[in-house]
Amino acid sequence: MEVVAGVDLKVGREEILGLVGESGSGKTTLALAVLRILPEWGTVLGGRILFDGLDLLRMSEEEMRRIRGRRISMVFQDPYSSLNPTSRIRDHFLELYRAHYGHVDEKEVLEKAGTLLRIVGVPEEKLHDYPHQLSGGQRQRVAIALAIALKPELVILDEPTSSLDVLVEAQLMELFKDLRKRERISMVFITHNLGILSELADRIAVMYAGKIVEVSPTEKLFADPLHPYTRALIDSVPTIGSDELRTISGEPPDLRNPPKGCRFHPRCPFAMDVCRVAEPVMKDVGGREVACHLY
Amino acid sequence: MRVISTDEGRGLVEAREVKVHYKVSTGLLETLLGRAKVVRAVDGVNLSIPRGGSVGLVGESGSGKTTLGRALLGLVELEGGSVLFDGTDISSLKGSALKAFRRRTQMVFQDPYTSLDPRMKIGHQVEEPLRVHGICGNKEERRQRVLEMLEKVGLVPAAEFYSRYPHQLSGGQRQRAAIARALVVGPEFLVADEPVSNLDVSARAQILRLLRDLRKEMNLTLLFITHDLAAAWSVCDRIDVMYLGRIVEEGAREEVLRDPLHPYTQALVSVIRDPKRRKGEGPKISGEVPSPMNVPQGCRFHPRCPFAMDICRRVEPQPTRLKGGRSVACHLYG
C-alpha cells in the first residue's frame, strides 16, 4: 500500500517546519524515508530527496551513514528506544563520536558532552548515570543533546514530547526555542498536536492519508485555514470556555484502498462532484499551498 | 480538611479521607527487614459526586488519579478512610449486594485493546455483562439490547458491527465498543480512565461528544480521569486537580479552569495549547513530579512552586472552602 503518495516538501535553512497529521497519515514514514531508515518492508518507489543539493536516494549506504547523525539527525518519541539501557549516558556520547570520527580523545568528548548536557538542561553529573536513573524528561533531553552533538544542519523530531507530562512538555518547548536561536539548525517537528506547533513552527504542513493537503506559514494557518481538513483539525480540539464540540464524521481511509479523487472527500462537508473523481493538485493561493478543489 | 456537611446533600459516590498505599519491595534484604518502601498513591482524599454529576479528575502521571478511580469502584484495598456508594460503605458489601454494586458501577479504560478480547465478536463482548448479571431472560432479548446499545454508541449499522472482531475496528470504534460494554447493564456510576488519550484528534472529539451525550441521556454519574484539561471541560461540571496523591483544588469547571487559584492548576492551565487562541500566561514550573515514594515534606508541590514560602516547607496545606463552593489547598489562600 502507498503510505506516502507523491509528496513535495521543502525545509529552508534555519527553518522550523511543523508536519502535522493523525496516526497513519504517513508523517513518520516520510521522515524515515529522508534518513533512509525505513523498515525492510518499506521502499521509496519514486521521487527525489534533496539535501543541500545531494540526492539522498542515490547515495551509497556508506555515504548515507556519514550523513546520518552528522548532518541530519533524528529524535524519537520514546527516548527509551533510542538510549541503550545498559550503557551510561557518557558512553552514548563516546560511541557517537567514535562512529563518526574513529579514534577520539575521551576527555575531550566528555567535556563536550558535559557542555551539551548543560545546554539541554541536564546536570552534568548525569553523564555517569544509566538511562533508567534519569527522569522521562531528562532522557528526552539527553536524546536531544545527542542529536545536536555533531552540529547537524537538520534535526527531525518525531513526536518528541508526546510521551511526557504537559509541564515537562512546556519545558522542552522552551528548550527547542532556545536551540533554534543558539544552534541555527533546521528542524522538522512531527506531531499530531497542532497546538504545540503554534509557538514553534515557521511553517506547517498538514498531512492526510499519505498526502500533504496544505502548507502555510504558521500564523496564517491558524487564523485562516484553507483546507477543510485543516479547519476540522483545529475545530475538533475542545476549547475551555466554549461548549461547542465539532467533530469530523467518519474514519480515516484504509490506505490499501484509498478513496478515488480527493482522499478527504468522504468526510468533507464541502465535497463536490469533482472531488469524487479528480485528485486535487497543490495550488498556490496567496503564498500558501493547498490541494483542494475549492481553490 | 473538607468536611462534608449533611445539609450539602449526599453524593451518590463519596470518598472520605481515602488513602491507598502500595508496598514496593526494593530488594530481598529490605523485605526481610520489613523496610519495604511505601508508595502513597492516594493520601487522604475527600470527594463527593452527586447523582447525575460529573467530575473531571485531572493531574499528571503519578498523581494517583487512576488509583482513586479504582478505589471508588472498590477495586483496590484502602489503607484508610472509606468509600460510600448510595450511602453504603462499599467495604461492607457482600454477596448479592456486592454483585449489584458491580452492575451499578462500571469502568472504561484508556486502551480498548486491553479491555476487549481480540478473539470475540463485538456483539458477544457487549452481551457478556448481561449474561453475568442475569439481565434479559432469553437470547433474543439480549441480542436486541446489544443492538440498541451499539446503535446508541454510534456503531452503525449495528447488525454489521455486532459480528465484527476488534481488529476490524478503528481505535475510536473500539472505544465506542468498550463504552457499549460498560453501559449495557445500565450502570449509575461510570469511571472513564483516560478514554481518549490514545485516540487521534478527530476520534477524540467524537468520543468526548458521545460521553457528554450519553451522560445526559442515561443520567450517568461520571468520574472522568484525564490529563487533558480541555477534554475535562468538555464533559464535566466540576474539576478536581490531583497532585501526588492529594486534591489541591476543586470547584465548578468555570472557576477552576478559567480562574485557577492553586499555582499547580495555574501552570497546567497556562500550558494548554489551543490552536484557536493564544497561549496563556502562568507560573513557570521547573522539575518533574517526584516519586510518590518520596513525598516532599509540607506542601507536596513546594519544591516546584515559584511562590513557595517558609510555611510551605513545613506544613501541609489543608483544603480551604472559598466563596462559590470551591476549595483550594494552598497557603497562599489562608
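Protein chains get the first letters and strands the later ones, always in sequence-line order, with residue 1 at the start of each.
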Report task. State whether the side chain of R258(B) and the backbone N or O of I240(A) hold a donor-acceptor pair below 3.5 Å, judged by distance alone. Result -> no

Report summary line: If you tally heavy-atom pairs under 4.5 Å between each of L197(A), V166(A), N193(A), L221(A) and chain B, the highest tally belongs to V166(A)

Query raised in the report: Looking at side-chain heavy atoms only, is the closest gap between S236(A) and R204(B) below 4.5 Å?
Result: no

Query raised in the report: With distance as the sole test, does E60(B) use its side chain to make a donor-acceptor pair with the main-chain N or O of L164(A) at under 3.5 Å?
Result: no

Report summary line: Highest number of heavy-atom pairs under 4.5 Å with chain A among E254(B), H227(B), R253(B) belongs to R253(B)

Query raised in the report: Of the listed residues (A203(B), S234(B), G171(B)), which shares the most heavy-atom pairs with chain A below a 4.5 Å separation?
Result: S234(B)

Report summary line: Note: P238(A) and D274(B) closest approach over all heavy atoms is O-OD2, 4.1 Å

Query raised in the report: Looking at side-chain heavy atoms only, is the closest gap between R212(B) and D243(A) below 4.5 Å?
Result: yes

Query - Straight-line distance of L245(A) CG to I207(B) CD1, nearest 0.5 Å - result: 11.5 Å

Requested in this report: Indicate yes or no: at least one non-hydrogen side-chain atom of W233(B) is less than 4.5 angstrom from one of T239(A).
Outcome: no

Report summary line: Between Q171(A) and R304(B), the two heavy atoms sitting closest are NE2-NH2, 4.4 Å

Report task. Would you check if there is a donor-acceptor pair between the side chains of Q206(B) and T247(A) at a distance under 3.5 Å? Result -> no

**Report entry** Neighbour count above 12 (heavy atom, 6.0 Å) for R276(A) CZ
**Finding:** yes

**Report entry** Any donor-acceptor N/O pair, E251(A) side chain to S170(B) backbone, under 3.5 Å
**Finding:** no

**Report entry** Salt-bridge criterion met for R273(B) and E169(A) (N-O under 4.0 Å)
**Finding:** yes

Report task. Would you indicate whether the side-chain heavy atoms of D165(A) and E288(B) approach each other to under 4.5 Å? Result -> no

Report summary line: Answer key: most heavy-atom pairs under 4.5 Å with chain B among D235(A), L167(A), L233(A) is L167(A)

